[in-house]
Amino acid sequence: MSTETSEIRDQLSDQWQKVAIDLIRKGLPAETVFETLLTVGLAGQVELHGKHFMAGKLVAIAEQLSEQVRREKEALQEASTATKN
């Protein structure tokens with residue numbers, strides 16, 4: 001990924017985050033705001049790359065999140081054990 005693309009992604013992420021925070025401050029439920037952002041983004045990705053590609057990408061993301069949860073759980077267990085000694 002080029003530096004320019006990375007900078008554009010950073011700028012877009014900042015802007016989307018600002019929009020989401022503004023909507024939440026105006027009283028919209030955070031869950032609904034983020035679900036809608038995800039749905040719109042996913043629909044755009046499906047248009048660009050197709051359903052099969054995006055399904056595979058979502059599976060990979062889900063697996064990555066599961067692995068992160070597993071590592072966090074292990075770290076919490078280790079910390080709990082360490083503080084008991």
Participant: Pairs under 3.5 angstrom only: tabulate donor-acceptor contacts from the side chains of residues 12-30 to other protein residues two or more places apart or in another chain.
Facilitator:
from	atom 1	to	atom 2	distance (Å)
Ser13	OG	Arg9	O	3.0
Asp22	OD2	Lys26	NZ	3.4

Participant: Might you work through the side-chain hydrogen bond (donor to acceptor under 3.5 Å, both in side chains) test for Thr3 and Ser6, ending with a clear yes or no?
Facilitator: CA-CA 5 Å; Thr3 303; Ser6 179; over 6 Å; no

Participant: Just distance, no hydrogens or angles: give the donor-acceptor pairs under 3.5 Å from side chains in residues 40-60, sequence neighbours left out.
Facilitator:
none

Participant: Treating Thr36 as the side-chain partner and Thr32 as the backbone partner, does any N or O pair qualify as donor plus acceptor under 3.5 Å?
Facilitator: yes

Participant: Answer yes or no: does atom CD of Glu4 have more than 12 heavy-atom neighbours from other residues, nucleotides or ligands under 6.0 Å?
Facilitator: no

Participant: Suppose we screen for side chain to side chain donor-acceptor pair (under 3.5 Å). Which residues come up paired with Arg70, at least two apart in sequence or across chains?
Facilitator: Glu67, Glu74

Participant: Under 4.5 Å side-chain heavy-atom separation, chaining through any Ile, Leu, Val, Met, Phe, Trp or Tyr, what else clusters with Val69? Say none if it is isolated.
Facilitator: none

Participant: Using the test side chain to side chain contact (heavy atoms under 4.5 Å, CB included), find all partners of Leu65 that sit at least two apart in sequence or belong to another chain.
Facilitator: Ile61, Gln68

